[in-house]
Undergrad: 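Below you will find the structure I want to go over with you.
Note that these values count all heavy atoms, side chains included, but never hydrogens, waters or copies made by symmetry. Below, chain A is the first sequence line, B the second, and so on; all start at residue 1.
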Amino acid sequence: MTFPEPKSSDAGAFRAARQSAMGLLARAEPDELDAILATLAPVPAATDLRTPEVGLVMLRGRTGGDGAPFNLGEASLARAAIRLEGGATGFAYRLGRDAQSARRAAIVDALWQDEGRRPAVEAALAPVRTRLALRRAGVEAETAATKVDFFTLVRGED
Amino acid sequence: MYVAAKGGEKAIRNAHELLARRRRGDRTLPAVTLEQIASQLTLAVDRVMAEGSLYDTALAALAIKQARGDLIEAIFLIRAFRTTLPRFGSARPLDTGAMLVRRRVSATFKDLPGGQLLGPTFDYTHRLLDTSLAEADAGGAEEGAPPPVAEPAPPMPRVTDLIGAEGLIEPSPRDDGAEPFDITRAPVSYPVDRATRLQTLARGDEGYLLALGYSTQRGYARSHPFVGEIRFGEVEVVLDIPELGFEVSIGEVEVTECQMVNQFKGSAQVPPQFTRGYGLVFGQCERKAMSMALVERALRWQELGEEPGAPAQDEEFVLSHCDNVQATGFVEHLKLPHYVDFQAELDLVRRMRAEIAAERKEAAE
């Protein structure tokens, strides 16, 4: 996926921007989450609305790629929900089993909702956005290098 | 009479300790790490995730290490682990059309939008052992920067969408919004729908599906297949978050998709069209995705008005034997103690022999 930077501030755009931030937080490495929280310090105390936990999510495919859905198999999933002292609630869902990273991602999600802090949170997320974009470009480049260029041999019949 | 026998605790404990030592191997060598398995034995990891029906590379690597490289044992470990976790929900169906493609080939169209991308494939290798890999850290795979590509990858529509635009291929079954059947939550009773078949095949044993798919090519349920397209790459996982009332992208998984294009079906209402078989598997498992698509197509004989009779068309037989965890459990249980069962059989055979001997003696007199 791509992670567009937030542009305007109406309700739809707010939601899209939060989805984009949560998508980045789902993909941030543990040390990146550490760095984000360090940049945003001091962070209010957080209480767990839901103890960080690990479970499964059923992944589905579509018959023929675009038809009726079927159950493909499960993936591990970590999730957390927190409330910041005197502030917003934050949620996080991340593929994998890193429940503590989910909790830290939920804290960042809560901070993001504070309009005053949002620019700083977005700035702290920027390195993750950049890393993912570079990685994607790298995959596209190495794959494009294996693209077949066909050439047709002209038969000398006429 | 039922006689319970007990014993062997010490032998079992010692056997497990011996197993742990054999697993570790030569202690003068470093132990293999999960990171090494996950990054260098990726196709083994992919197979364990696919047939274990749980996408988690680190867990699959652990299972492979614990199972000493026995992939069916590793798959068993993964299946057992998944039963310990709650399920938080179901993601939206993966959109393979929006895949970050790492490989994509079509055997039906040379020039297709987005092109043929070979990616990391064994195809066209010479299958000669590369002795340079015997060196500790060699192999000619230097970390080189790929040539930078200025523009992002072009859109890559599925080949079936291209043929479908002309109406030359049957459309996919429509999504009517119904929840697909889940074989992990409810007992299966035959006949089953296509979604149930696909779920069962997606976690089925690669070797078994390969043999059945091969059989369809050799004339048992011939369906004249072409690989419309194989694509492998990353797809986004999107989950509706009930607390928030909107969906969030929670990460990526790698999948292999195979669109098999098969010979025609037509009717009074519909002019002849290509038919299709579908394969979708976790990870880079191309052989499995292709086999799955062949078998999935063969299982549709009734719907397509074809003659039955081939092994790959027998739905109950195919689906109820494709799970290697079930299969290995039942086959391997034979080596566990059956002393009482066998004692009964011994008594029976002795009695039969005694009866026959007595009859013969009687006849001779």
Undergrad: So does B:D95 get a backbone contact from the side chain of A:R62, meaning a donor-acceptor N/O pair under 3.5 Å?
TA: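 No, because the side chain of A:R62 does not come within donor-acceptor range (under 3.5 Å) of the backbone of B:D95.
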
Undergrad: Quick one: CG on A:L59 to CZ on B:F282, what's the gap to the nearest 0.5 Å?
TA: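 If we round to the nearest 0.5 Å, A:L59:CG and B:F282:CZ are 4.5 Å apart.
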
Undergrad: Taking side chain to side chain contact (heavy atoms under 4.5 Å, CB included) as the criterion, tell me which of B:P180, B:P93, B:S53 meets it with A:N71.
TA: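 With A:N71 as partner, side chain to side chain contact (heavy atoms under 4.5 Å, CB included) holds for just one option, B:P180.
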
Undergrad: Under 4.5 Å from any heavy atom of chain A, what part of B:I241 do you find: side chain, backbone, both or neither?
TA: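 Only the side chain of B:I241 comes within 4.5 Å of chain A.
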
Undergrad: What's the separation between atom OG1 in A:T63 and atom CG in B:L198, rounded to the nearest 0.5 Å?
TA: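 These two atoms lie 5.0 Å from each other.
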
Undergrad: Answer yes or no: does atom CZ of A:R83 have more than 12 heavy-atom neighbours from other residues, nucleotides or ligands under 6.0 Å?
TA: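 Counting neighbours around CZ of A:R83, 12 or fewer heavy atoms of other residues, nucleotides or ligands fall under 6.0 Å, so no.
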
Undergrad: Taking side chain as C-beta onward, heavy atoms only, is A:P69 less than 4.5 Å from B:R92?
TA: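 A side-chain contact under 4.5 Å is absent here.
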
Undergrad: At a heavy-atom separation under 4.5 Å, does B:A58 approach chain A through its side chain, its backbone, both, or neither?
TA: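 Both the backbone and the side chain of B:A58 come within 4.5 Å of chain A.
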
Undergrad: Please check this pair: side chain of A:Q19 against backbone of B:E247, looking for a donor-acceptor N/O pair closer than 3.5 Å.
TA: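 Side chain of A:Q19 to backbone of B:E247: a pair is present.
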
Undergrad: Do A:T146 and B:R103 have side-chain heavy atoms sitting under 4.5 Å apart?
TA: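 No, their side chains stay 4.5 Å or more apart.
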
Undergrad: Look at B:E179 together with A:R60 and state whether they make a salt bridge at an N to O cut-off of under 4.0 Å.
TA: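 Here B:E179 pairs with A:R60 in a salt bridge, since their nearest N and O are under 4.0 Å apart.
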
Undergrad: Indicate yes or no: at least one non-hydrogen side-chain atom of B:L239 is less than 4.5 angstrom from one of A:L77.
TA: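 B:L239 vs A:L77: side chains touch.
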
Undergrad: Heavy-atom cut-off 4.5 Å, strictly under: side chain, backbone, both or neither for A:F91 against chain B?
TA: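 It is the side chain, since no backbone atom gets that close.
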
Undergrad: Calculate, to the nearest 0.5 Å, the distance between atoms OH and CG belonging to B:Y55 and A:L56 respectively.
TA: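 Nearest 0.5 Å value for the OH-CG distance: 15.0 Å.
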
Undergrad: Can you check side-chain contact (heavy atoms from CB on, under 4.5 Å) on B:R158 and A:D66, steps first, answer last?
TA: CA-CA 9 Å; B:R158 284 178 289 249; A:D66 58 351; 3.5 Å; yes

Undergrad: Heavy-atom cut-off 4.5 Å, strictly under: side chain, backbone, both or neither for B:Y278 against chain A?
TA: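 Contact with chain A involves the side chain of B:Y278 alone.
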
Undergrad: Who among A:A26, A:A68, A:G61, A:G73 has the most heavy-atom pairs with chain B under 4.5 Å?
TA: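 When all of A:A26, A:A68, A:G61, A:G73 are compared, A:A68 has the most.
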
Undergrad: Can the positive tip of A:R79 be found less than 6.0 Å from the middle of the six-membered ring of B:F88, inside 45° of the ring normal?
TA: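 Satisfied, under 6.0 Å and within 45°.
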
Undergrad: Give a yes or no on whether a salt bridge exists between A:R136 and B:E234, defined as a side-chain N under 4.0 angstrom from a carboxylate O.
TA: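 The answer is no: the pair does not qualify as a salt bridge.
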
Undergrad: Among B:D193, B:L280, B:D182, B:T200, which one satisfies side chain to side chain contact (heavy atoms under 4.5 Å, CB included) with A:F70?
TA: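 The option that passes is B:L280.
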
Undergrad: With a 4.5 angstrom heavy-atom cut-off, could you sort out which part of B:L244 is near chain A: side chain, backbone, both or neither?
TA: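 The side chain, not the backbone.
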
Undergrad: Taking the side chain as every heavy atom from C-beta outward, state whether B:I250 and A:R94 have any pair of such atoms under 4.5 Å apart.
TA: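 When only atoms from C-beta onward are counted, A:R94 and B:I250 do not touch, as no gap falls below 4.5 Å.
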
Undergrad: Specify which of A:G67, A:G65, A:A75 makes the most heavy-atom pairs with chain B at under 4.5 Å.
TA: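 That would be A:G65.
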
Undergrad: Testing the basics here: between A:V139 and B:V101, what is the closest heavy-atom pair and its distance to 0.1 Å?
TA: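 Closest pair (atom of A:V139, atom of B:V101, distance): CG1-O, 4.4 Å.
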
Undergrad: Less than 4.5 Å to any heavy atom of chain A: does that hold for the side chain of B:D111, its backbone, both, or neither?
TA: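 When you check distances to chain A, only side chain atoms of B:D111 fall under 4.5 Å.
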
Undergrad: Can you tell me how far apart CD1 (B:I78) and CD (A:E74) are? Round to the nearest 0.5 Å.
TA: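 B:I78 CD1 to A:E74 CD: 12.0 Å, rounded to 0.5 Å.
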
Undergrad: Between B:A91 and A:V57, what is the shortest heavy-atom contact and its length?
TA: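 Shortest heavy-atom contact: N-CG2, 3.6 Å.
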
Undergrad: Under 3.5 Å, is there a donor-acceptor pair linking the side chains of A:S76 and B:R82?
TA: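 No.
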
